[in-house]
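If you're wondering where the values come from, they're calculated on a predicted model, not measured in any experiment. Any value given below was found using the heavy atoms of this structure, including those in side chains, with hydrogens, waters and symmetry copies removed.
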Amino acid sequence: MSVSEDTSARAPVTRLHTDAAYVEWRISPDQVPYPVALAEMEARAAAIAAGEAPELVWLLEHPPLYTAGTSTDPKDLLTPDRFPVYETGRGGQYTYHGPGQRVGYAMLNLKTRGQDVRAFVAGLEDWIIGSLAHFHISGEVRNDRVGVWVKRPDRGAATEDKIAAIGVRVRRWVTFHGISINVDPDLEHFSGIIPCGIQQHGVTSFEDLGLTASMPDLDMALRTEFERVFGPTIDETPE
């Protein structure tokens, strides 16, 4: 594991900022069933597109499950009866979600952020990499595979493992779905799928890298780096 640069030197990414005052910030303390989260995301994205609700970032954990993206190969689901499997309209292939993994759903209005989906995905990558740097994890992206990766010289010069996944959907220029970062999930649960269709590389986590970090610690880093990349946030007002 390599040590990253000082995060204080990271420059703001103004191309993805907006004139909107704040993005609302929500953290769910309990596990959220996937169908509940999907319904909430779709409703909020529609309200944002209609100008009836502010943008939202929602941090949560799910119970153990697999999701299938729009590019899924059915052969990559190795144990179909192990956990619930949910079809979803996000990009990508099979992904695992479960306890110990921080999921971040970003419902942002790209009409006010340049209407550039590639820049948005690059912003998500930058958000993850900046957040990992707070814990001295050097995350990297690759042109031929999605997600954020860390080199594992302790396991061989060419070994890289995925620590974070990205899968997004855009409807009426409003984004939903988002990112997931492995803090201390049961990595054996990934064995039921070929994650994102990639067999040559594995998955890792903070714990697997020998780091102890709490979910609140990561949440603080995520908020700091989100604001650098996308602009200011405000705690969501309870209904």
Consider only side-chain heavy atoms of I, L, V, M, F, W and Y, link residues closer than 4.5 Å, and tell whether Val57 and Met41 are in one cluster.
-> no
Can you measure from CG (Leu78) to CZ (Phe190) and round to the nearest 0.5 angstrom?
-> 13.5 Å
Can Ile181 and Leu222 be said to form a side-chain contact (heavy atoms from CB on, under 4.5 Å), step by step?
-> CA-CA 10 Å; Ile181 300 176; Leu222 283 167; 3.9 Å; yes
Measure the CG-CG distance between Leu108 and Leu124 for me, rounded to the nearest 0.5 Å.
-> 8.0 Å
Does the ring center of His17 lie less than 6.0 Å from the ring center of Phe230?
-> no
Passing candidate, side chain to side chain contact (heavy atoms under 4.5 Å, CB included) with Gln101, options Asp184, Asn182, Leu60, Asp186 = Asn182
Heavy-atom side-chain contact between Val168 and Phe176 under 4.5 Å = no
Rounded distance [0.5 Å steps], CG in Asp219 versus OG in Ser131 | 10.0 Å
Nearest-0.5 Å distance, CG of residue Leu59 to OH of residue Tyr105 = 11.0 Å
Shortest non-hydrogen contact from Thr72 toward Gly69 | OG1-O, 2.8 Å
Between His189 and Tyr96, is any side-chain donor less than 3.5 angstrom from a side-chain acceptor?
-> yes
So Arg169 and Thr70, side-chain hydrogen bond (donor to acceptor under 3.5 Å, both in side chains) or not? Walk me through it.
-> CA-CA 10 Å; Arg169 186 173 185 181; Thr70 55; over 6 Å; no
Answer yes if the ring centres of Tyr66 and Tyr94 are under 6.0 angstrom apart, and no otherwise.
-> no
Can you find a pair of side-chain heavy atoms, one from Ile129 and one from Val141, that are under 4.5 Å apart?
-> yes
So CZ of Arg223 and CG of Leu218: to nearest 0.5 Å the spacing works out to 13.5 Å
Interatomic spacing from CD1 in Ile163 to CZ in Phe206 - rounded to 0.5 Å = 5.5 Å
For side-chain contact (heavy atoms from CB on, under 4.5 Å), just list the numbers for Tyr86 and Leu38, CA-CA rounded to whole Å, side-chain angles, deciding distance to a tenth of an Å, and then say yes or no.
-> CA-CA 10 Å; Tyr86 296 98; Leu38 182 60; over 6 Å; no
So, do Pro185 and Pro99 sit near enough that their side-chain heavy atoms are less than 4.5 Å apart?
-> no
Is the shortest heavy-atom distance from the side chain of Val23 to the side chain of Glu227 under 4.5 Å?
-> no
Which atom pair, heavy atoms only, marks the closest approach of Asp208 to Val203?
-> OD2-O, 4.3 Å
Please answer: with hydrophobic residues joined when any side-chain heavy atoms are less than 4.5 Å apart, are Ile179 and Met220 in the same cluster?
-> no
Side-chain heavy atoms under 4.5 angstrom apart, residues restricted to Ile, Leu, Val, Met, Phe, Trp, Tyr: same cluster for Val36 and Met107?
-> yes
Going hydrophobic residue to hydrophobic residue with side-chain gaps under 4.5 angstrom, can you get from Leu77 over to Tyr34?
-> no
Hydrophobic cluster identity match, Ile166 and Phe120, side-chain contacts under 4.5 Å | yes
Are Arg145 and Trp149 in a cation-pi contact, defined as NZ or CZ under 6.0 Å from the six-membered ring centre and within 45° of the axis?
-> yes
Got Asp116 and Leu110 here, is their nearest side-chain heavy-atom distance under 4.5 Å?
-> no
Less than 4.5 Å apart, any side-chain heavy atom of Val146 and any of Lys162?
-> yes
Greater than 12 external heavy atoms within 6.0 Å of Tyr22's OH = no
Can you tell if the side chain of His97 reaches within under 4.5 Å of the side chain of Ser180, non-hydrogen atoms only?
-> yes
Stepwise, does the side-chain contact (heavy atoms from CB on, under 4.5 Å) test hold for Ile137 with Val150?
-> CA-CA 8 Å; Ile137 298 173; Val150 294; 3.6 Å; yes
Dump the intermediate steps for side-chain contact (heavy atoms from CB on, under 4.5 Å) on Val183 and Met215, then the final yes or no.
-> CA-CA 7 Å; Val183 179; Met215 204 66 77; 3.8 Å; yes
Report the C-alpha distance between Asp126 and Arg228 in whole Å, list the side-chain angles of each, state the deciding distance to 0.1 Å, and finish with yes or no for salt bridge (Lys or Arg N to Asp or Glu O under 4.0 Å).
-> CA-CA 10 Å; Asp126 195 8; Arg228 178 183 61 84; 3.1 Å; yes
When you look at Arg90 and Glu42, which way does the salt bridge (Lys or Arg N to Asp or Glu O under 4.0 Å) test go after all the steps?
-> CA-CA 12 Å; Arg90 62 156 176 81; Glu42 292 190 341; over 6 Å; no
State whether Asp73 and Lys75 are salt-bridged, where the test is any N-O pair (Lys NZ or Arg NE/NH1/NH2 against Asp/Glu carboxylate O) under 4.0 Å.
-> yes
Smallest heavy-atom separation, Leu132 atom then Gly139 atom, equals CD1-CA, 4.2 Å
Please confirm whether the backbone N or O of Arg82 pairs with a side-chain atom of Thr79, one donor and one acceptor, at under 3.5 Å?
-> no
Note: Ala119 and Leu16 closest approach over all heavy atoms is O-CD1, 3.5 Å
Answer yes or no: is there an ion pair linking Arg26 with Glu40, defined by an N-O contact shorter than 4.0 Å?
-> yes
What are the two closest heavy atoms between Pro29 and Ile27, and how far apart are they?
-> CD-O, 3.6 Å
Assess whether salt bridge (Lys or Arg N to Asp or Glu O under 4.0 Å) is satisfied between Glu55 and Arg44, documenting all intermediate values.
-> CA-CA 8 Å; Glu55 297 173 305; Arg44 184 60 172 255; over 6 Å; no
Under a 4.0 Å N-O cut-off, is there an ion pair linking Arg152 with Asp154?
-> yes
Nearest heavy-atom contact between Ala164 and Ile128 is CB-CG2, 3.7 Å
Between Asn109 and Thr112, a side-chain donor and acceptor under 3.5 Å = no
Minimum side-chain heavy-atom gap Trp58-Glu236 below 4.5 Å | no
